[in-house]
A.B. asks: 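Below: one structure in structure tokens.
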2 protein chains.
Amino acid sequence: MSERGNEAGTVGKALNVLDQVAAFGRPVRFSDLLESSEYPKATLYRLLQTLVQQGMVSFESERGVYALGVRLVRLAHQAWQTASIAPVARPYLDALSLEIGETVHLAQLDHAQVLYVDKRNAAVPVEMYSQAGKVGPVYCTGVGKAMLAWSRIEAQSRIIEQQSYHKFTDNTLTSRRALRAELDIICSRGFAYDNEEHEPGIICVALPILTQGGHVLGGLSVTSTTARHSLESLAKLVPHMKSTVSRIAEDAESWRFPEQIKEHA
Amino acid sequence: MSERGNEAGTVGKALNVLDQVAAFGRPVRFSDLLESSEYPKATLYRLLQTLVQQGMVSFESERGVYALGVRLVRLAHQAWQTASIAPVARPYLDALSLEIGETVHLAQLDHAQVLYVDKRNAAVPVEMYSQAGKVGPVYCTGVGKAMLAWSRIEAQSRIIEQQSYHKFTDNTLTSRRALRAELDIICSRGFAYDNEEHEPGIICVALPILTQGGHVLGGLSVTSTTARHSLESLAKLVPHMKSTVSRIAEDAESWRFPEQIKEHA
DNA sequence: AACTAAGTTTCACTATTTGGAACTTACCTA
DNA sequence: TAGGTAAGTTCCAAATAGTGAAACTTAGTT
């Protein structure tokens, strides 16, 4: 029943409503939300009022519709800078993309999903907001599998449990067993493939971004089509990607875990 | 005492803490937050736990530091698409930027501040996340004044009250009276200037983006330096900007207030 | 071993949240 | 225009969740 379940306090409930508004992806009326809400009318109403008052949700009184508030855009700017490796990785992504001329994705794990935090596409200019922030499945994407393969055992198990194993293509892995086996192979190989597992004709190679301590910071992938590349030809890019990944990790570590700055003297 | 005051419920308090974490702009320890917090130790602690559990804040147990969570990046992606005019305006910004070759800003009002939601810079590639999400003052920026000038009287008064009137440069307007007078001039002129009021050497022209009903959707500005332009030469771009603005408004209206779609038949 | 600071848990007390039901618009329909 | 229906808003007693001083546990000094 409680699919996305959480033993929520008030804050959790409010954030659930926020997610719900986000899920519509367009301004919604109260009744639309009520229909798909697990909360009673009065409760939902009050939660929405709270969110509006807080600027997390905007309410257009003329139309009577709710939408996500701009306060989120401001928070996200900070979140992206603080919580993601994207600002650190930016110059390296630029360089990599320029040199190999293929689509590059930078991703992080968000619970049991892949969150894309940056992207480069050789052909068109950077499209950050339009691409960053998107989510995808872990079990059938290159970055997802790469990050999962090097995750710590508890987190890994939890995430493996939480996948949906929807069969997107003929090659999609559709069982926990198959995924576990694949993760083993990925670990010994040192990187992950996506062999048309999510979309037909789309293949990629992916590497995890690891701290010196072996903690997964994120994932980096290069994507192409079967028309232009084979897995083998993509694999040739791995050494190049490896050096990008280690430089990102190095920078990220010194940024996120800076040496204690002893008084400036 | 309660500067950012709100008669907050639990949700408000939690969001205050979220803002506080955001304000640091780097991973922070519990004691850093406690120092600058209005909440007692145990309360702050529990609020943080809630936020972490909800994925709005991430906690790195190794270092014992809190940072904004990636869930925000995901929400922001939706917020930017849903709540901002940026996705609609994107192609028009691209075109305008290309044709006039100067820095272009797209902004919206967020409470009493200017929130930049997109930017184009002819010289260097687009830097969305790094620029979008930034905030600035209303009373000394072109977009701010333009949006304020066409705001409805109640909102306008409220915002005028809430400005800080910090004197950034010799030209900064530093009183409500001066600002009101300037807004009158802007209204009759039809667009706003920023005559080095925020930063020395930086000037701009700005237009509001208005619905047919006269409601302020946002603002558009073209920025340059005194070295390259005078206010008069920037003013020559206004007709071009006017057409951009009206096209954005048109698209935004049909997107945000779509005709009721009568069953497809 | 004794001290100190940082972080975490407890628990009696309270303020907030809850949601069924009643109420108010606003808009159809006959 | 009355009568009906659906959408949105408010009420209030009961139930729940939040509060924070203080006690406690670590971890790091001296």
Side-chain angles (χ1 to χ4, degrees), chain A residues 1-2 5-21 24 26-54 56-67 69 213 257-263, chain B residues 1-2 5-21 24 26-54 56-67 69 213 257-263:
Chain A
M1 197 154 279
S2 54
N6 36 15
E7 352 284 297
T10 319
V11 176
K13 287 175 201 167
L15 293 177
N16 278 349
V17 172
L18 193 63
D19 272 346
Q20 221 201 322
V21 174
F24 276 87
R26 59 174 173 82
V28 275
R29 282 178 315 148
F30 178 74
S31 52
D32 298 329
L33 289 167
L34 183 58
E35 240 175 273
S36 61
S37 176
E38 54 184 311
Y39 305 117
K41 214 181 184 185
T43 302
L44 178 65
Y45 185 73
R46 257 178 300 101
L47 287 173
L48 278 168
Q49 285 205 142
T50 304
L51 288 170
V52 168
Q53 198 207 320
Q54 292 296 328
M56 300 296 278
V57 164
S58 70
F59 179 66
E60 224 165 309
S61 54
E62 291 154 51
R63 291 255 152 186
V65 290
Y66 296 89
F257 316 118
E259 293 299 313
Q260 211 64 18
I261 296 153
K262 310 282 185 192
E263 307 300 311
Chain B
M1 196 149 281
S2 53
N6 36 16
E7 352 283 294
T10 320
V11 176
K13 287 176 201 168
L15 293 177
N16 277 349
V17 173
L18 192 63
D19 273 346
Q20 221 201 322
V21 174
F24 276 88
R26 59 173 173 81
V28 275
R29 282 179 316 148
F30 178 75
S31 52
D32 298 328
L33 289 167
L34 184 58
E35 242 174 89
S36 61
S37 176
E38 54 184 310
Y39 305 117
K41 213 181 185 186
T43 301
L44 178 65
Y45 185 73
R46 255 177 304 101
L47 287 173
L48 279 168
Q49 285 204 143
T50 304
L51 288 170
V52 168
Q53 198 207 321
Q54 292 296 328
M56 299 298 279
V57 164
S58 71
F59 178 66
E60 225 164 310
S61 55
E62 290 154 50
R63 291 256 153 184
V65 289
Y66 296 89
F257 316 117
E259 292 300 313
Q260 211 64 19
I261 296 153
K262 311 280 184 192
E263 307 301 310

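So that the names make sense, note that chain A is the first sequence line, chain B the second, and so on, each numbered from 1.
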A.B. asks: Can you tell me the distance, in whole Å, between the CG atom of B/Leu33 and the C1' atom of C/dG7?
C.D. replies: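 It is 13 Å, rounded to the nearest whole Å.
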A.B. asks: Without decimals, in angstroms, what is the distance between B/Tyr39 OH and C/dA15 P?
C.D. replies: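 Rounded to the whole Å, the gap is 17 Å.
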A.B. asks: Is there side-chain contact between A/Leu33 and A/Phe24, with at least one heavy-atom pair below 4.5 Å?
C.D. replies: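 Heavy-atom side-chain distance check passes, below 4.5 Å.
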A.B. asks: Provide the closest heavy-atom pair for B/Ser37 versus B/Leu44 in the form atom of the first, atom of the second, distance.
C.D. replies: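 Heavy atoms only, the tightest pair is OG-CD1, 3.9 Å.
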A.B. asks: Tell me, do A/Leu15 and A/Leu18 make a side-chain contact under 4.5 Å, heavy atoms counted?
C.D. replies: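 Result yes, sub-4.5 Å side-chain heavy-atom pair found.
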A.B. asks: Would you name the heavy atoms of B/Val11 and A/Ala14 that are closest together and state the gap between them?
C.D. replies: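 Reported closest heavy-atom pair: CG2-CB, 3.7 Å.
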A.B. asks: Taking only residues two or more places apart in sequence or in another chain, which ones pass ring-ring contact (aromatic ring centres under 6.0 Å, His included) with A/Tyr45?
C.D. replies: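 For A/Tyr45, the residues satisfying ring-ring contact (aromatic ring centres under 6.0 Å, His included) (neighbours in sequence not counted) are A/Phe30.
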A.B. asks: Excluding sequence neighbours, so at least two apart, what forms side chain to side chain contact (heavy atoms under 4.5 Å, CB included) with B/Thr43?
C.D. replies: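 Scan of B/Thr43 (side chain to side chain contact (heavy atoms under 4.5 Å, CB included), adjacent residues dropped) gives B/Tyr39, B/Pro40, B/Arg46, B/Leu47.
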A.B. asks: Does the side chain of B/Glu60 reach to within under 4.5 Å of the side chain of B/Pro27, using non-hydrogen atoms?
C.D. replies: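 No; the side chains remain at least 4.5 Å from each other.
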A.B. asks: Which whole-number value in Å describes the distance from A/Leu34 CG to C/dG20 P?
C.D. replies: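 These atoms are roughly 12 Å apart.
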A.B. asks: Return the angle between end axes of the helix from C/dA1-D/dT30 to C/dC27-D/dG4, with five pairs used per end and rounding to 10°.
C.D. replies: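 Inter-axis angle at the termini of the helix from C/dA1-D/dT30 to C/dC27-D/dG4: 30°.
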A.B. asks: Do B/Glu38 and B/Asn16 have side chains that get closer than 4.5 Å, going by heavy atoms?
C.D. replies: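 Side-chain contact under 4.5 Å: yes.
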A.B. asks: Give me, pair by pair, the N or O atoms of the protein and of nucleotides 16-19 of chain D that are less than 3.5 Å apart, along with how far apart they are.
C.D. replies:
from	atom 1	to	atom 2	distance (Å)
D/dG18	OP1	A/Thr10	N	3.4
D/dT19	OP1	B/Lys13	NZ	2.9
D/dT19	OP2	B/Arg46	NH1	3.4

A.B. asks: Under 3.5 Å, which N/O atoms of the protein pair with N/O atoms of nucleotides 5-10 of chain D?
C.D. replies:
from	atom 1	to	atom 2	distance (Å)
D/dG8	OP2	A/Ser31	N	2.9
D/dG8	OP2	A/Ser31	OG	3.3
D/dG8	N7	A/Lys41	NZ	2.9
D/dG8	O6	A/Lys41	NZ	3.0
D/dT9	OP2	A/Tyr45	OH	3.4
D/dT9	O5'	A/Tyr45	OH	2.9

A.B. asks: Could you give the distance from CG (B/Leu48) to CD (B/Gln53), rounded to the nearest 0.5 Å?
C.D. replies: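 Reported value, rounded in 0.5 Å steps: 12.5 Å.
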A.B. asks: Drop me the distance from B/Gln20's CD to B/Lys13's NZ, to the nearest 0.5 angstrom.
C.D. replies: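 The NZ atom of B/Lys13 is 14.0 Å from CD of B/Gln20, to the nearest 0.5 Å.
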